[in-house]
Amino acid sequence: MEQYLTVNVVTPNGLVFDHHATMVVAITTNGELGILVNHAPIVAPLEIDEVRVKRIDSENHVNWVAVNGGIIEVRDNVVTIIADSAERARDIDISRAERAKQRAEETIEQAKQTSDIDEQQRAEVALHRAINRINVSKHR
């Protein structure tokens, strides 16, 4: 009997990703986490970064998902990622992500000039999210 992982990525807007996989790689706050079939149960916080999902249908079929933080839970060969927002590489609007990056960079500069640390930190998170989306979109 062939075993596999069931991978679900869920956001407040609903299910973003639902497929079977042989491997999942995610970036947690403690570093990179690789998950294979029969992985021990775990719950971990995620960074704003990409998640790689190696699908079962082909050795070379990899899906990329831009995840903006959240948590990952692994239990009984089910990998569940719950995030505020997430997008598959194929669904990312690159021009929108580029505009978000530019806005964030401008906001960071303005916040530095006015010494608005809170605004600067929010803009840095927005910049990180935009860069993540741009990077993941390159894996189409």
Side-chain angles (χ1 to χ4, degrees):
M1 182 173 140
E2 187 176 0
Q3 288 193 318
Y4 52 83
L5 299 165
T6 299
V7 183
N8 299 302
V9 179
V10 182
T11 69
N13 294 329
L15 191 63
V16 173
F17 187 87
D18 179 22
H19 286 286
H20 298 302
T22 58
M23 181 176 70
V24 175
V25 178
I27 309 299
T28 71
T29 55
N30 289 323
E32 189 172 79
L33 174 64
I35 301 159
L36 298 171
V37 173
N38 297 323
H39 193 284
I42 186 172
V43 175
L46 293 173
E47 290 286 342
I48 297 171
D49 214 312
E50 62 193 22
V51 174
R52 293 181 309 215
V53 180
K54 189 172 184 182
R55 301 269 299 270
I56 63 171
D57 53 352
S58 168
E59 182 72 22
N60 299 321
H61 191 178
V62 177
N63 287 137
W64 300 78
V65 182
V67 176
N68 291 321
I71 61 167
I72 185 169
E73 177 188 28
V74 180
R75 181 179 308 234
D76 299 326
N77 289 327
V78 177
V79 178
T80 304
I81 295 172
I82 301 170
D84 287 337
S85 64
E87 287 180 274
R88 293 178 69 159
R90 69 180 189 194
D91 298 330
I92 294 172
D93 182 339
I94 299 169
S95 62
R96 186 172 151 240
E98 291 283 355
R99 289 191 307 272
K101 178 179 179 272
Q102 185 176 356
R103 276 192 313 273
E105 289 170 340
E106 291 168 0
T107 302
I108 289 169
E109 286 307 311
Q110 291 171 356
K112 284 181 180 178
Q113 291 173 3
T114 60
S115 299
D116 188 342
I117 294 170
D118 291 336
E119 184 65 21
Q120 182 179 341
Q121 289 176 339
R122 280 190 294 272
E124 286 172 355
V125 170
L127 178 62
H128 192 172
R129 287 179 174 191
I131 290 170
N132 183 43
R133 292 175 64 229
I134 291 165
N135 290 341
V136 170
S137 72
K138 295 175 183 174
H139 295 291
R140 292 178 184 213

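- For Q113, the side chain to side chain donor-acceptor pair (under 3.5 Å) criterion is met by no residue, not counting sequence neighbours.
- Looking at E106 and R103, no side-chain N of the basic residue comes within less than 4.0 Å of a carboxylate O on the acidic one, giving no salt bridge.
- Summarising the local packing, CD1 of I117 is surrounded by 12 or fewer heavy atoms from other residues, nucleotides or ligands at distances under 6.0 Å.
- With contacts defined as side-chain heavy-atom distances shorter than 4.5 Å, the pair E73/V79 does not qualify.
- Residues A123 and T107 come closest through the heavy atom pair CB-CG2, 3.7 Å.
- Of all heavy-atom pairs spanning A21 and V7, the tightest one is CB-CG2, 3.8 Å.
- At least one side-chain heavy atom of H139 sits under 4.5 Å from a side-chain heavy atom of E50.
- Side-chain contact between F17 and N8 is absent, with no heavy atoms from C-beta onward closer than 4.5 Å.
- Within 6.0 Å of CG in D18 there are more than 12 heavy atoms belonging to other residues, nucleotides or ligands.
- A continuous path of Ile, Leu, Val, Met, Phe, Trp and Tyr side chains, each step under 4.5 Å between heavy atoms, connects V9 with L46, placing both in one hydrophobic cluster.
- Residues V67 and V16 share a single hydrophobic cluster, defined by chaining ILVMFWY side chains whose heavy atoms lie under 4.5 Å apart.
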Q: For side-chain contact (heavy atoms from CB on, under 4.5 Å), just list the numbers for V24 and L5, CA-CA rounded to whole Å, side-chain angles, deciding distance to a tenth of an Å, and then say yes or no.
A: CA-CA 8 Å; V24 175; L5 299 165; 4.1 Å; yes

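- T114 is not listed as a side-chain neighbour of Q110, based on a closest heavy-atom distance of 4.5 Å or more.
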Q: Could you walk me through whether I131 and K101 pass the side-chain contact (heavy atoms from CB on, under 4.5 Å) test, one step at a time?
A: CA-CA 7 Å; I131 290 170; K101 178 179 179 272; 4.0 Å; yes

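- No path of Ile, Leu, Val, Met, Phe, Trp and Tyr side chains, each step under 4.5 Å between heavy atoms, connects L36 with I27, placing them in separate hydrophobic clusters.
- One distance of note links CZ of R55 with OG1 of T22; it measures 10.5 Å at 0.5 Å rounding.
- Smallest separation of non-hydrogen atoms from A97 and A130: O-CB, 3.7 Å.
- Atom CZ of R99 is surrounded by more than 12 heavy atoms from other residues, nucleotides or ligands within 6.0 Å.
- Pairs engaging residues 128-137 under the side-chain hydrogen bond (donor to acceptor under 3.5 Å, both in side chains) rule: E87-R133 [sequence neighbours left out].
- The closest side-chain heavy-atom distance from N63 to R88 is below 4.5 Å.
- Atoms NZ and CD, from K54 and E59 in turn, are 3.5 Å apart once rounded to the nearest 0.5 Å.
- Under a hydrophobic clustering in which Ile, Leu, Val, Met, Phe, Trp and Tyr are joined whenever their side-chain heavy atoms come within less than 4.5 Å, directly or via other members, I35 and I81 fall into the same cluster.
- One hydrophobic cluster, built from ILVMFWY side chains closer than 4.5 Å, holds both V65 and L33.
- Atom OG1 of T80 is separated from atom CG of L15 by 9.5 Å, given to the nearest 0.5 angstrom.
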(Q) The test is side-chain hydrogen bond (donor to acceptor under 3.5 Å, both in side chains); show your working for E98 and Q102 and say whether it passes. (A) CA-CA 6 Å; E98 291 283 355; Q102 185 176 356; over 6 Å; no

Q) Taking it one step at a time, do D93 and S95 satisfy side-chain hydrogen bond (donor to acceptor under 3.5 Å, both in side chains)? A) CA-CA 6 Å; D93 182 339; S95 62; 2.9 Å; yes

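- Side chains of I72 and V43 form no contact here, defined as non-hydrogen atoms less than 4.5 Å apart.
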(Q) Evaluate I48 against V125 for side-chain contact (heavy atoms from CB on, under 4.5 Å), listing each step before the verdict. (A) CA-CA 9 Å; I48 297 171; V125 170; 4.0 Å; yes

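- Contacts of N13 classified as side chain to side chain donor-acceptor pair (under 3.5 Å), with partners at least two apart in sequence or in another chain: none.
- Minimum heavy-atom separation, A83 to P12: O-CD, 3.3 Å.
- Side-chain contact check for E105 versus L127: some heavy-atom pair is nearer than 4.5 Å.
- Side-chain contact between R52 and E32: present, with at least one pair of heavy atoms (C-beta onward) separated by less than 4.5 Å.
- In this structure, CD1 on I108 lies 12.0 Å from CG on D116, to the nearest 0.5 angstrom.
- Taking both residues in full, the closest heavy atoms of Y4 and N77 are given as O-CB, 3.6 Å, listed atom of the first, atom of the second, then distance.
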